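Step one of this worksheet: look at the structure below.
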Amino acid sequence: MESFTAFLEKRVTQVDSLLCIGLDPHRGDLTEFSAQAAGAFCTRLIEATADIAAAYKPNAAFFEALGPEGIVALQSVIAAVPDGIPVLLDAKRGDIASTAEAYADAVYRVLGADAVTLSPYLGRDSIEPFIADPKQGVFLLCKTSNPGASDLQDLEVIDSSGTAPQRLYEHIATLAQTWNAHHNLGLVVGATQVESLDNVRAAAPDLWFLTPGIGAQGGDLRAALRAGLRADGLGMLIPVSRAIARADDPRETALALRSQINMEREEIMASKESPGSASALTGDQSQLADALLDAGCIQFGNFTLRSGLESPIYIDLRRLASYPKLLSQA
């Protein structure tokens, strides 16, 4: 049986895209506040981008706010996504026992989604009804992109083995890596805190990330990809909603975003040394080099130096004054 991860990776490879298009029918974006208008709004986006999107991510809240008719509209929107394209329901569910089973039934059977976002804070048994079938996927909230995420997610915890403390989000990532027996479990890791994204990738080298925060929330695409991509250049979905939905031409905007993501991804993968290379950097050296690139201290392009010579590299260590932590490492 094909796992959710295999299904997702097949789609990503087919359309060469890491772009996950959010289907969020905000009241202000609708011609009228109705389930019919919400359904039409999302269907137009799907029709315009079905050959570009790696996946679609409808947000349950916007449909639930429309009452029973909104749930029907959500069903219709999910059904409108062509076969072969994963649908991730952004619902952030979290409960136990028969309630969790009922939620899973609603997500997969009633609504027809392929995956769902869940809160992990009730433990493994709250997740099991959602991942029992390998073809059904889950993205666990791990390190979210909102400003208040650190209130809980950065707390240090010690597990039952008494090992050195980890931050809570790192512990969740470590657990998720071990829970992924059916290859259908991923993590929600925001793009707005690149150091945390890097830490999660170290703790969960195999998992797929759903990485919100690019665009309206100010996340840096290149820095996020550098920190979060797997060794194979995959492993991240970049969800974008408003920037596409509110564009004059959603299709052209989606095409441009996919191209930008792929360009950054290709440059990042090309810059990585092969493991057997004699000039390969150590882990610490690689992290320092990445940080210098992200800070703009090292730039690649075509530059005319003071001497008049042309150079493909420009080094500006004056920028280090704005990065005291990086300055101490350098």
Side-chain angles (χ1 to χ4, degrees), residues 1-25 38-60 62-63 71-91 104 106-118 130-131 133-139 182-188 207-212 214-215 230 232-245 247 249-262 265:
M1 178 184 296
E2 183 181 57
S3 69
F4 172 76
T5 295
F7 174 48
L8 174 61
E9 292 183 356
K10 181 187 298 184
R11 173 64 183 178
V12 166
T13 302
Q14 178 186 24
V15 294
D16 191 23
S17 179
L18 300 180
L19 180 62
C20 175
I21 297 179
L23 302 174
D24 302 351
F41 172 84
C42 294
T43 301
R44 283 194 298 270
L45 283 175
I46 294 168
E47 291 173 348
T49 60
D51 60 336
I52 304 167
Y56 287 99
K57 184 177 71 66
N59 191 315
F62 294 105
F63 295 92
I71 302 302
V72 175
L74 177 56
Q75 286 178 305
S76 298
V77 165
I78 292 174
V81 175
D83 290 343
I85 306 178
V87 177
L88 286 52
L89 183 66
D90 194 356
V107 168
Y108 301 130
R109 186 184 65 80
V110 178
L111 294 174
D114 300 297
V116 64
T117 57
L118 297 183
F130 295 88
I131 59 173
D133 187 334
K135 71 176 184 293
Q136 296 167 344
V138 160
F139 286 87
H182 297 312
H183 305 289
N184 58 347
L185 187 59
L187 296 169
V188 179
L207 301 189
W208 273 83
F209 295 171
L210 182 65
T211 306
I214 299 298
R230 292 190 321 208
D232 60 0
L234 300 176
M236 291 180 75
L237 286 176
I238 308 298
V240 179
S241 176
R242 284 168 285 182
I244 295 174
D249 189 332
R251 176 174 177 77
E252 288 302 315
T253 301
L255 282 168
L257 282 167
R258 181 181 66 174
S259 295
Q260 183 184 5
I261 292 168
N262 284 345
R265 180 163 58 121

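Every heavy atom of this structure was used, including side-chain atoms; hydrogens, water molecules and symmetry mates were not. These numbers were taken from a predicted model, which means no experiment stands behind them.
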### Min side-chain heavy-atom separation Leu88-Asp114 under 4.5 Å
no
### Query
Is Tyr108 reaching over with its side chain to a backbone N or O of Phe130, donor-acceptor style, under 3.5 angstrom?
yes
#### Entry: Heavy-atom side-chain contact between Arg251 and Asp51 under 4.5 Å
yes
### Query
With distance as the sole test, does Gln75 use its side chain to make a donor-acceptor pair with the main-chain N or O of Gly112 at under 3.5 Å?
no
### Task
Decide yes or no for Leu45 and Tyr56: does some side-chain heavy atom of the first lie under 4.5 Å from some side-chain heavy atom of the second?
no
### Message
Nearest 0.5 angstrom please: Leu257 CG to Glu252 CD, how far?
### Response
11.5 Å
### Query
Under a 4.5 Å cut-off applied to non-hydrogen side-chain atoms, are Cys42 and Phe63 in contact?
yes
### Message
Return the OG1 to CG distance between Thr13 and Asp16, rounded to the nearest 0.5 Å.
### Response
8.5 Å
### For the student: nearest non-hydrogen atoms of Ala91 and Thr117, plus distance
N-OG1, 3.0 Å
### Message
I need the minimum non-hydrogen distance between Leu234 and Trp208, along with the two atoms involved.
### Response
CB-CZ2, 3.9 Å
### Query
Under the salt bridge (Lys or Arg N to Asp or Glu O under 4.0 Å) rule, what pairs show up with a residue in residues 71-82, not counting sequence neighbours?
none
### Sub-4.5 Å side-chain heavy-atom contact between Asp133 and Asn184
no
### Query
Got a second to check how far His182's NE2 is from Thr5's OG1, nearest 0.5 Å?
12.0 Å
### Message
Testing the basics here: between Ala60 and Leu89, what is the closest heavy-atom pair and its distance to 0.1 Å?
### Response
CB-CD1, 4.1 Å
### Task
Indicate yes or no: at least one non-hydrogen side-chain atom of Leu237 is less than 4.5 angstrom from one of Leu8.
yes
### Query
Does Met236 offer a backbone N or O that forms a donor-acceptor pair with the side chain of Thr211 under 3.5 Å?
no
### Query
Would you find a donor on one side and an acceptor on the other, under 3.5 Å apart, between the side chain of Arg265 and the backbone of Gly233?
yes
### Message
Can you give me the closest heavy-atom contact between Ile85 and Ala53, atom names plus distance?
### Response
CG2-O, 4.3 Å
## Note on the structure
dist Ile244:CD1 -> Thr253:OG1 (nearest 0.5 Å) comes out at 7.0 Å
#### Entry: Within-4.5 Å side-chain heavy-atom neighbours: Arg258 and Leu255
yes
Pairs of donor and acceptor atoms involving the side chains of residues 17-25, under 3.5 Å and at least two apart or interchain, shall be tabulated with distances.
| unit_1 | atom_1 | unit_2 | atom_2 | d |
| --- | --- | --- | --- | --- |
| Ser17 | OG | Leu19 | N | 3.1 |
| Ser17 | OG | Ile52 | O | 2.8 |
| Asp24 | OD2 | Ser241 | OG | 3.1 |

### Query
Do Leu210 and Lys57 come close enough that some side-chain heavy atom pair is under 4.5 Å?
yes
### Message
Looking at every non-hydrogen atom in both residues, tell me the closest pair between Ala54 and Arg11 and how far apart they are.
### Response
O-CG, 3.1 Å
### Query
What are the two closest heavy atoms between Val77 and Gly39, and how far apart are they?
CG2-CA, 3.9 Å
